[in-house]
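Since the structure comes first, as structure tokens, the remarks are kept for the end.
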Amino acid sequence: MSDEEKAYVAGFLDGDGSVMAQLVARKDYKLRYQIRVSIVFYQKTRHQDFLFWLKEQLGYGYIRERRDGMSEYTIVGIREVEFVLKLLIPFLRLKQELAHEVLRLIKAHPPQRKMTPRKLVELARLVDATARFNYSKKRSQTSDRVIEFLTENHLITPVETESD
């Protein structure tokens with residue numbers, strides 16, 4: 001992609017896209033939580049040709065038509081999101097700080113089999129830090145929930161605080 005195209009795509013992401021980091025409850029995970037990062041571009045379905053062009057340029061993700069007349073181009077995954085953010089970050093304006101936070105989270109993320117309870121808490125707190133950039137009304141998975149689960153299951157001990 002040319003710099004001009006990267007700037008155009010970054011502007012589209014700034015205006016009609018989202019960059020997200022989420023904590024996802026997963027029964028099939030040893031520590032019961034997954035860190036998911038994603039980028040989503042939104043467009044009216046009648047103009048979704050642009051999303052297909054974009055997918056061809058970036059090489060990752062999938063496009064789906066919603067029932068409300070909108071289409072979404074979604075890119076999910078640590079390496080995929082890292083590639084796209086590094087490509088676009090110099091051109092982002094509104095979401096540049098969020099992109100830096102998500103890249104920080106990605107850099108701190110170990111391979112899945114190397115995840116420890118303490119590392120999961122650290123990453124969960126980084127996910128919490130990205131939440132201030134988004135407008136989710138339904139966010140229920142937080143670092144506090146992760147800590148609660150890990151403590152109840154004796155996977156970590158609560159941090160002692162000094163009393164006054």
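Please read these numbers as outputs of a predicted model, since none were measured by experiment.
- Remark: the backbone N or O of Ile89 is paired with a side-chain donor or acceptor of Gln96 at under 3.5 angstrom.
- Between Asp128 and Arg139 there is a salt bridge, with a side-chain nitrogen of the basic residue lying less than 4.0 Å from a carboxylate oxygen of the acidic one.
- Here the closest non-hydrogen pair linking Val76 and Ser38 is CG2-CB, 3.9 Å.
- Residues Val24 and Ile78 do not share a hydrophobic cluster, defined by chaining ILVMFWY side chains whose heavy atoms lie under 4.5 Å apart.
- In this structure, the side chains of Ile35 and Leu23 come closer than 4.5 Å at one or more pairs of heavy atoms.
- In this structure, Tyr42 is not a member of the same hydrophobic cluster as Ile39, with clusters built from ILVMFWY side-chain heavy atoms closer than 4.5 Å.
- A donor-acceptor pair is defined here as one N or O able to donate and one able to accept, closer than 3.5 Å; no such pair exists between the side chain of Lys86 and the backbone of Leu103.
- Across all non-hydrogen atoms, the minimal contact from Lys95 to Gly15 is NZ-N, 4.4 Å.
- Side-chain atoms of Gln141 and Gln22 include no donor-acceptor pair closer than 3.5 Å.
- When all heavy atoms are compared, the tightest approach of Ala99 to Leu92 is CB-CD1, 3.8 Å.
- Looking at Arg145, its side chain does come within 3.5 Å of a backbone N or O of Ser140 through a donor-acceptor pair.
- Using a 4.5 Å cut-off between side-chain heavy atoms of Ile, Leu, Val, Met, Phe, Trp and Tyr, with links allowed through other members, Leu54 and Phe91 fall into different hydrophobic clusters.
- Glu122 and Arg118 are not joined by a salt bridge, as no carboxylate oxygen comes within less than 4.0 angstrom of a charged side-chain nitrogen.
- When hydrophobic clusters are built by joining Ile, Leu, Val, Met, Phe, Trp and Tyr residues whose side-chain heavy atoms come closer than 4.5 Å, directly or via intermediates, Met20 is not grouped with Tyr33.
- Centroid-to-centroid, the aromatic rings of Tyr73 and Phe12 stay 6.0 Å apart or farther.
- Taking 4.0 Å as the cut-off between side-chain N and carboxylate O, Asp3 and Lys6 count as a salt-bridged pair.
- No donor-acceptor pair closer than 3.5 Å links the side chain of Thr151 to the backbone N or O of Glu148.
- Judged by distance alone, with hydrogens and angles left aside, the side-chain atoms of Thr45 form a donor-acceptor pair with the main-chain N or O of Met70 at under 3.5 Å.
- Comment: Arg132 engages Glu97 in a salt bridge, judged by a side-chain N to carboxylate O separation of less than 4.0 angstrom.
- Hydrophobic clustering (side-chain heavy atoms under 4.5 Å, transitive across Ile, Leu, Val, Met, Phe, Trp, Tyr) keeps Val40 apart from Val37.
- When every heavy atom of Leu13 is checked against every heavy atom of Ser18, the shortest pair comes out as CD1-N, 3.7 Å.
- Atom-to-atom distance recorded for His109:NE2 and Leu126:CG is 10.5 Å, nearest 0.5 angstrom.
- Of all heavy-atom pairs spanning Ala108 and Lys119, the tightest one is O-NZ, 3.2 Å.
- Within the 3.5 Å criterion, the main-chain N or O of Thr74 finds no donor-acceptor partner in the side chain of Lys55.
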